[in-house]
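Side-chain atoms are counted along with the backbone in the values below, which use heavy atoms only and exclude waters and symmetry mates. In what follows, chains are A, B, ... by sequence order, proteins preceding strands, each numbered from 1.
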Number of protein chains: 2
Amino acid sequence: MTATPSPRRDGRTTDTRRRAQAVALELFATRGFEATSLQDIARELGVTKAALYYHFPAKADLARSVFQPFIDDVDRTLAELSGRTLPRQDVLTAYVQALLPHRAVLAAMLRDPGAAADLDLEGASRRWLAALADLLAEPATTPSSRTRVRTAVAVGGLTRALVLPEVEDPDVLADAVAAAVRVLAP
Amino acid sequence: MTATPSPRRDGRTTDTRRRAQAVALELFATRGFEATSLQDIARELGVTKAALYYHFPAKADLARSVFQPFIDDVDRTLAELSGRTLPRQDVLTAYVQALLPHRAVLAAMLRDPGAAADLDLEGASRRWLAALADLLAEPATTPSSRTRVRTAVAVGGLTRALVLPEVEDPDVLADAVAAAVRVLAP
DNA sequence: GTCTATAAAATGATAGAC
DNA sequence: GTCTATCATTTTATAGAC
């Protein structure tokens, strides 16, 4: 009995699989999901389309493998925060720290929020904004439209700024968070 | 000599042409440009693909006719502001007032910033941010990375908030602008 | 794990009748 | 102005050899 031809073995991910994810991420971020064909990815990778289908059953699965860890990570972070009462600064800091390791994926998400429809990146976005609106609102109040819009300004602005190279400097990032907190001040 | 079969006559735009733009805008905003086929637009419109090609020489031209007036409008507004020294509140107010009549197009732009590559929506976005960074910076200074990131937070946040239904209330919008100004305060 | 070959469908676009 | 019919190309995806 020799090893199965399965793409994974003992948790080890094949090199081509990982490289395909990296190439796909880069192309999704620059052209968007629909505008990126498996042909494009395979060419950049130096293999044929058929080889890609060995590693991923369909194009959507490749996309999922790229975006899902990001979505799960942010969902988990916000779930841990949920219910607690924290200073706004701490809430937004936790949010940006959760996004930070996924900046490249975030860029792809901002570039094509509707990529692979069944992934529902836009739904994730809405979910995060709603969760943050709860965490940032005055306790035991229903957020007014003013508050909802201000939250969108603060969170949307911070999220957008996260793809800038400047935020690699922790001081710059901390300054941005502090500035975003001022949006929500009464 | 009868009238030419040209799609325009005396500045009057045919009804199908306008309806096609409306349908295209809606589909671009929900699915993105690449994910929207002329078939989709034609079906929604109740005509055939071929009929669309009577009104627009190519898919990219249909997209251009939808996005260009928006881009030109914002470019013009920012050009008029350029050079002048205005309070930040006034700069951001002028910006949102320029975007406001084009909210549906803005939503499509945020949904698929790379739509119709030759249109360069992303370039327009970058251009606007750069122009606003100049207008919002302390006069006669080179913006620091802190300032650049803060500008991205304020402008990016405001832009994102503009697609929310809540901003139809002028008071809510004014509050959002005032809140965004606080991001840039020293 | 990667290849060649190919199927099956969809897409942007054109020609020409009405 | 809209239609039917068609083309060339590209796309996702599969079969099967090595």
Please report, rounded to the nearest Å, how far the C1' atom of C:dT2 is from the CZ atom of A:R17. 17 Å
Kindly assign one of parallel, tilted or perpendicular to the pair A:F67 and A:F28, based on the angle between their ring planes and the thresholds 30° and 60°. parallel
Counting heavy atoms from C-beta on, name the nucleotide in C:dT2, D:dA13, C:dT11 closest to the side chain of A:T16. C:dT2
Can you check whether B:R146 reaches A:D171 side chain to side chain, under 4.5 Å on heavy atoms? yes
Taking the side chain as every heavy atom from C-beta outward, state whether B:R17 and B:F56 have any pair of such atoms under 4.5 Å apart. yes
Between C:dA13 (C1') and B:L62 (CG): distance, integer Å: 14 Å
On DNA chain D, more 5' by nearest nucleotide between A:R43 and A:P57 is A:R43
Interatomic distance where NZ belongs to A:K59 and P belongs to D:dT14 [whole Å]: 15 Å
Would you kindly give the CG-to-C1' distance between A:L52 and C:dG1, to the nearest whole Å? 12 Å
Please determine, by modelled atom types, if A:S37 and A:D40 share a side-chain donor-acceptor pair under 3.5 angstrom. yes
note: A:R19, atom CZ; C:dG1, atom C1'; distance rounded to Å ~ 13 Å
Is any side-chain nitrogen or oxygen of B:T48 closer than 4.0 Å to OP1 or OP2 of D:dT2? no
Rounded to whole Å, the CG-C1' distance (A:L45 to C:dG1) equals 12 Å
So does A:K49 reach the base of D:dT12 with its side chain, donor to acceptor, closer than 3.5 Å? yes
Check the distance between D:dT10's C1' and B:E34's CD and give it to me in whole angstrom. 12 Å
Which of the following nucleotides, D:dG1, C:dT4, D:dA13, is nearest to the side chain of A:A50? C:dT4
Salt-bridged, A:R103 to A:E168, with N to O below 4.0 Å? yes
Round to a whole Å and report the spacing from CG of B:D40 to P of C:dT11. 6 Å
What's the closest nucleotide to the A:Y53 side chain, out of D:dA13, D:dA5, C:dT2? D:dA13
Just checking A:S37: base, sugar-phosphate only, or nothing, at a heavy-atom cut-off of under 4.0 Å? sugar-phosphate
